[in-house]
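One structure below.
Scope of the values below: all heavy atoms of this structure, side chains included, with no hydrogens, waters or symmetry mates.
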Amino acid sequence: QVQLVESGGGLVQAGGSLRLSCAASGRTVRSYVMGWFRQAPGKEREFVSGTNWSGGSTLYADSVKGRFTISRDNAKNTVYLQMNTLKPDDTAVYYCSARLGLGVIANPSMYDYWGQGTQVTVSS
């Protein structure tokens, strides 16, 4: 089993930045694909970004390309999401996820483990 705990969410003004962290425990996630998803009220959970085990392969949703950066520190069993130039549309609960596999994919049903989420609110 893998437990994921997100942190770093909060309230920020449009144009600001936040850095989310996801700490994994219970088992090393060194070989796991790690992803970030988000869900706004009344909307479906959507893919934000993902990275393979080495960090050498990453994927971003079009809506966050050029503004968000995913990274991971396998020694710390932690994955990060640096979010810059935040917009009100980025407001959502952000979830960390993990899947045992090779490919970074955007389908949330393919992920095996999920954190509880952290709220990000961007004011205009």
Between [X] and [Y], is there shared hydrophobic-cluster membership here, with clusters defined by ILVMFWY side-chain heavy atoms closer than 4.5 Å?
X	Y	result
Leu4	Leu20	yes
Val12	Trp36	yes
Val2	Tyr80	no
Val33	Phe68	no
Val48	Tyr95	no

Any donor and acceptor pair, going by atom type alone, linking the side chain of [X] with main-chain N or O of [Y] inside 3.5 Å?
X	Y	answer
Asn52	Val104	no
Thr121	Leu11	no
Thr51	Met34	no
Arg67	Thr85	yes
Tyr94	Glu6	no
Asn74	Ser54	no

Practice item. Could you pull out the closest heavy-atom pair between Tyr32 and Ala98, with the gap in Å? Key: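 Closest approach of Tyr32 to Ala98: CD2-CB, 3.9 Å.
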**Study point:** Pro88 to Ala14 - nearest heavy-atom pair and separation
**Key:**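 Where Pro88 meets Ala14 most closely, the heavy atoms are CD-CB, 4.1 Å.
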Practice item. Run the numbers on Met83 and Val64 for side-chain contact (heavy atoms from CB on, under 4.5 Å), then give the verdict. Key: CA-CA 8 Å; Met83 307 186 295; Val64 306; over 6 Å; no
Exercise for review: Start with the C-alpha gap between Thr69 and Leu81, add the side-chain angles, then the distance that decides, and say whether side-chain contact (heavy atoms from CB on, under 4.5 Å) holds.
Suggested key: CA-CA 6 Å; Thr69 303; Leu81 185 67; over 6 Å; no
Review point. Would Lys65 and Asp62 pass as an ion pair if we require N to O under 4.0 Å?
Key: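 A salt bridge is present here (some side-chain N lies under 4.0 Å from a carboxylate O).
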Going by heavy atoms in the side chains, are [X] and [Y] under 4.5 Å from each other?
X	Y	value
Arg38	Glu46	yes
Asn77	Ser25	no
Leu86	Leu18	yes

Check your understanding: Looking at Tyr113, is Arg99 sitting on its ring face, NZ or CZ under 6.0 Å from the six-membered ring centre and within 45 degrees of the normal?
Key ->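 Ring-cation test returns no.
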Exercise for review: Check the pair Tyr60 / Ser49 against side-chain contact (heavy atoms from CB on, under 4.5 Å), numbers first and verdict last.
Suggested key: CA-CA 4 Å; Tyr60 295 93; Ser49 182; 3.2 Å; yes
Practice item. Kindly indicate, with the supporting measurements, whether the criterion side-chain contact (heavy atoms from CB on, under 4.5 Å) is fulfilled by Leu100 and Asp112. Key: CA-CA 7 Å; Leu100 188 58; Asp112 303 301; 4.2 Å; yes
Exercise for review: Please check if atom CG in Leu102 has more than 12 non-hydrogen atoms from other residues, nucleotides or ligands closer than 6.0 Å.
Suggested key: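 No, not enclosed.
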Practice item. Decide yes or no on side chain to side chain donor-acceptor pair (under 3.5 Å) for Thr78 and Asp73, but give the supporting numbers first. Key: CA-CA 5 Å; Thr78 301; Asp73 186 337; over 6 Å; no
Point to revise | Approximate separation, where rounding is to 0.5 Å, of Ile70 CD1 and Arg72 CZ | key: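 The CZ atom of Arg72 is 8.0 Å from CD1 of Ile70, to the nearest 0.5 Å.
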Exercise for review: Kindly compute the distance separating OG (Ser7) from CD (Gln116), expressed to the nearest 0.5 Å.
Suggested key: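 So the gap between those two atoms works out to 13.5 Å.
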Practice item. Return each pair, listed once, that meets disulfide (SG to SG under 2.5 Å) where at least one residue sits in residues 52-124; pairs must be two or more places apart or across chains. Key: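 Residue pairs passing disulfide (SG to SG under 2.5 Å), neighbours aside: Cys22-Cys96.
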Review point. Is the ring centre of Phe37 less than 6.0 Å from the ring centre of Trp114?
Key: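 Between Phe37 and Trp114, the centre distance is under 6.0 Å.
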